[in-house]
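Hydrogens, waters and symmetry mates play no part in the numbers below; they use all other heavy atoms, side chains included. Note that the structure is a prediction, hence the values are computed from the model and not measured. Below, chain A is the first sequence line, B the second, and so on; all start at residue 1.
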Amino acid sequence: MKTLRAFLLLFALPVLAQNASEPSFDRLKERFPDRSRTATYIAIFDDLHQGLKNNPAWDAAGAPAARIREALDKQLGAVIDELAAVNASLGGDASADEASTEFLVADRTTERFREDTVSGWFDQPGQPAEQHVTDAHLAAIDTAAADDFRARTDAANRALKEFGSHAIADTRAAIEKINAKWELFLNKGPSQFPWESLINGYIIGAESIEQPPTHQWIVAHPLPIFELSNPSIENLEGAQGLAIEVLGHAFYRFSESNKTPRLKWFGASAMIAMSEGRQPSWGIMGHYNRTYTAGVVWSDAEDVSDPSLVLGVDLYQLVQKRAPEYRDRLRRLGAFAKGGGN
Amino acid sequence: MAKHRLLLMHGIGLHGDDWVSGEQGPVETLKRAAKRYKFFQNKPLEEHVEFVPLSYDSVFQSIIAQWQADASAVTSLPGNTLGGSLDWLAGATEDEQTFWWTHVADVALYRCFPTYRQAVRAHVMDDLTAAAQPAVDAGDNVSVIAHSMGTSVLHDVLHLVGSKETLGGVPNAFRARNFRLTNIIMLANVSRLLQTQDAEMKPAYTSIVRPGRLADAESYCSRYLNFRHEADPIPFPRMFEPVDFDPQRYSNIVIRHYWQANVHDVSHYLLNPRVHIPILRAVTRQSAISVDEEKAAVNPDNFPQIGGDFGLVQKVATLAERLAALQRRLGENPSPAVMTQAFTQYATAVREIA
């Protein structure tokens, strides 16, 4: 089998050496169609590495090309070592997705392949001079060897890019979710007036970009309400007014449904309500998400003994909308009860 | 040849979807500038570079709109028990378009409200990595150019993206070991002025947002270009002047032209050949503009210090005097109140002189 491989390589390499950069990577794609595992990439780089050693074009290029060949040999060898280390750390049979957790051990080497400056290959400040390979260096050696160099570095770069794209996609998905959480925090969480945002920002803070706050203080928060005295299903008319939540707290729970972040929150506060034609009254208020806001208030007025129900505007409108339906159901239930079930 | 992907980040103020591509916007200004040079005459700039706008002002606008809606709901109640105490907030709409709400509020929200700051960063992080992903997959170069407050937001986002080991529980493929930008280009850089003490953040001089070698995981770009107008009061306090950035990879260029009253304007910066030539070279190739072309372009005969629609020397003298006074007032380390007042006065000065 090894003989056959070497035989095939002998055929393949001169072709590789004669072609520009594009065919080399295409050939690797055909040769290694399943590129979902780290081991495959090790084989790809091994192929590139062995090809460099066996390509007669380099022997023919003689001494001027030897340094360049050695520089590439070292780079390819380093990639193989690093990929092997990744593979070993992942149990030796890791998929590319799993390998993405460590792919940059290898990608660090990838960077050496990327053309950073206009002057060309491997020309990085701080790198030993013997490893610099520029377009001028390549122009000075045999064309077949120079083409082989370009094809191999291009193939190596593209193979490692492909290897790394799994990780990029994973990270992108994670970042999208992080941003979705912040958007939920802003658009679906408890609305905060500037002074509340300021207080919460400094008391609770937002230490991590990955996670919006999970709770907040409610401080001097005004909101419109409807106050219902002696509410019944037949009479749900409320007096419009203003509540000020003096102090309270809200808690959020972020969850995920079909990989989409969701937010639910609830809160409670002590409040003072001021409704049209009524004396100010004290009470408590509860929230569940933005729609459901309700509370109870007690008045010191002599002519008011029972507590009143207070609803937020959204909930009040919802109740008003649904009230006829509930009244109807109640009437039918009453009629059913009177008729003995007939 | 693959296109260089250039991401553009706006400064303070309202920016619609077309902020980047408008006739007086940064892209058209760069395209017009490029046409003067031989390299771009056969193949225009847009065939070398793909421009991708990044935006964050929608986050601020949504916060302000929420405040306004909440305040209006209260102030519109019959009897309005709170009197006019929330009117200042209820009037914070786009209709008013006051300089404070459209400009200064952005800075105040970003600098003083940690949760909103993080929301903006998350938004830009999403935009930036989404814009970079196709280029990364294709192995193309990615550069960013930011203006004014955008330099601070960009700095913070790049530091987070480049330095965090994991993001959302997965290994971060955009960290500096894995990914880097080709160029970071800052116009009117305020990344030091607005730097914060946030747990995950570092000051502008010590963050990862610095140029370095490819193998240097403490850097996030190959080249860093910084531009400042001498009279621009915005980047004046806590000026960005690092002393330990690699001089081969970092350049700080101070410009002195007066072609319009608003010297802070992004396109006013880009008009200057001392600004657009290094940028055009950075996103194409060093040889794209020859040294002779550069010498001719910066020659005062071709690019006078005072020009454009701002030709009256007297106006320039008045503006320069007022801007110098503002800079003196700001000093090295202004308080937020002084900063706010000075920036508002700057807008007034520009309006009056224009």
Side-chain angles (χ1 to χ4, degrees), chain A residues 100-105 107-108 111-112 114 116-118 124-127 157-158 161 164-165 167-179 181-183 185-187 191-194 197-198 200-202 204-210 212-213 222-224 240-242 244 274 276 313, chain B residues 59 62-63 66-67 69-71 73-74 77-82 86 89 112-119 121-123 125-126 129-130 133 136-139 160-161 164 167-175 177-180 182 198-200 213-217 222 246 248-249 285-287:
Chain A
S100 68
T101 60
E102 293 290 340
F103 87 101
L104 228 291
V105 178
D107 203 53
R108 193 174 183 181
E111 295 288 0
R112 295 181 197 139
R114 192 185 289 173
D116 176 50
T117 65
V118 288
Q124 301 307 322
Q127 253 189 347
N157 190 21
R158 293 169 68 182
K161 280 288 154 217
S165 66
I168 296 283
D170 286 350
T171 308
R172 273 288 308 130
I175 290 172
E176 271 182 42
K177 272 187 202 167
I178 289 171
N179 186 38
K181 279 187 186 178
W182 280 101
E183 284 180 353
F185 169 79
L186 288 183
N187 302 322
S191 70
Q192 300 183 37
F193 277 96
S197 300
L198 213 51
N200 282 306
Y202 285 95
I204 294 169
E207 290 219 333
S208 173
I209 188 76
E210 298 175 56
L223 76 164
Q240 198 170 16
L242 171 76
I244 296 176
M274 291 163 278
E276 265 185 304
V313 174
Chain B
V59 181
S62 109
I63 292 164
Q66 179 71 58
W67 284 355
D70 289 347
V74 172
L77 283 172
N80 188 9
T81 322
L82 297 179
L86 285 180
L89 200 53
C112 306
F113 292 77
T115 46
Y116 296 151
R117 186 159 64 232
Q118 293 286 50
R121 288 171 180 163
H123 177 86
M125 188 163 74
D126 190 21
T129 53
Q133 185 181 11
V136 175
D137 283 344
L160 288 170
V161 174
K164 283 187 73 74
L167 276 170
V170 304
N172 174 15
F174 287 98
R175 72 186 191 272
R177 284 186 68 202
N178 309 4
F179 169 80
R180 67 172 41 230
T182 308
D198 292 352
E200 294 173 328
R213 296 190 301 117
L214 290 176
D216 176 8
S222 300
D246 179 351
Q248 288 189 324
R249 294 172 175 275
R285 58 175 65 169
Q286 186 67 20
S287 58

Roughly how far, to the nearest 0.5 Å, is the [atom2] atom of [Y] from the [atom1] atom of [X]?
X	Y	atom1	atom2	result
A:Ile178	B:Arg121	CD1	CZ	13.5 Å
B:Thr115	A:Leu198	OG1	CG	9.0 Å
B:Gln133	A:Ile168	CD	CD1	7.0 Å

Q.
Given heavy-atom pairs under 4.5 angstrom as the criterion, report whether the side chain, backbone, both or neither of B:Asp126 touches chain A.
A. both
Q: Pick one of side chain, backbone, both or neither for B:Gln66, based on which atoms fall under 4.5 Å of a heavy atom in chain A.
A: side chain
Q. Does the pair B:Ile63 and A:Leu186 meet the rule for a side-chain contact (heavy atoms from CB on, under 4.5 Å), with working shown?
A. CA-CA 7 Å; B:Ile63 292 164; A:Leu186 288 183; 4.2 Å; yes
Quick one: closest heavy-atom pair of [X] and [Y], and the distance?
X	Y	value
A:Thr171	B:Val170	CA-CG2, 4.0 Å
B:Ala122	A:Ile209	N-CD1, 3.6 Å
B:Leu77	A:Pro224	CD2-CB, 3.8 Å
B:Phe113	A:Pro194	CE2-O, 3.3 Å
A:Asn187	B:Ser62	OD1-OG, 3.9 Å
A:Ser208	B:Glu200	OG-OE2, 3.3 Å

Q: Just give me the residue among A:Ala174, A:Ala169, A:Ser191 that pairs up with chain B most often, heavy atom to heavy atom, under 4.5 Å.
A: A:Ser191
Q | chain B contacts, top residue of A:Glu183, A:Lys181, A:Gln192 (heavy-atom pairs, under 4.5 Å) | A | A:Gln192
**Q.** Which residues share a side chain to side chain donor-acceptor pair (under 3.5 Å) with B:Thr129, sequence neighbours left out
**A.** A:Arg172
Chain B heavy atoms under 4.5 Å from [X]: which part of the residue, side chain, backbone, both or neither?
X	value
A:Pro212	neither
A:Gln240	side chain
A:Ile244	side chain

Q | chain A contacts, top residue of B:Ala130, B:Ala69, B:Ala73 (heavy-atom pairs, under 4.5 Å) | A | B:Ala130
(Q) A:Phe185: which residues meet the ring-ring contact (aromatic ring centres under 6.0 Å, His included) condition with it, sequence neighbours left out? (A) A:Trp182, A:Tyr252
Q.
I'd like to know if the side chain of A:Asn179 and the backbone of B:His123 have a donor-acceptor N/O pair within less than 3.5 Å.
A. yes
Q: Would you confirm whether A:Glu210, through its side chain, and B:Gly168, through its main-chain N or O, come within 3.5 Å as a donor-acceptor pair?
A: yes
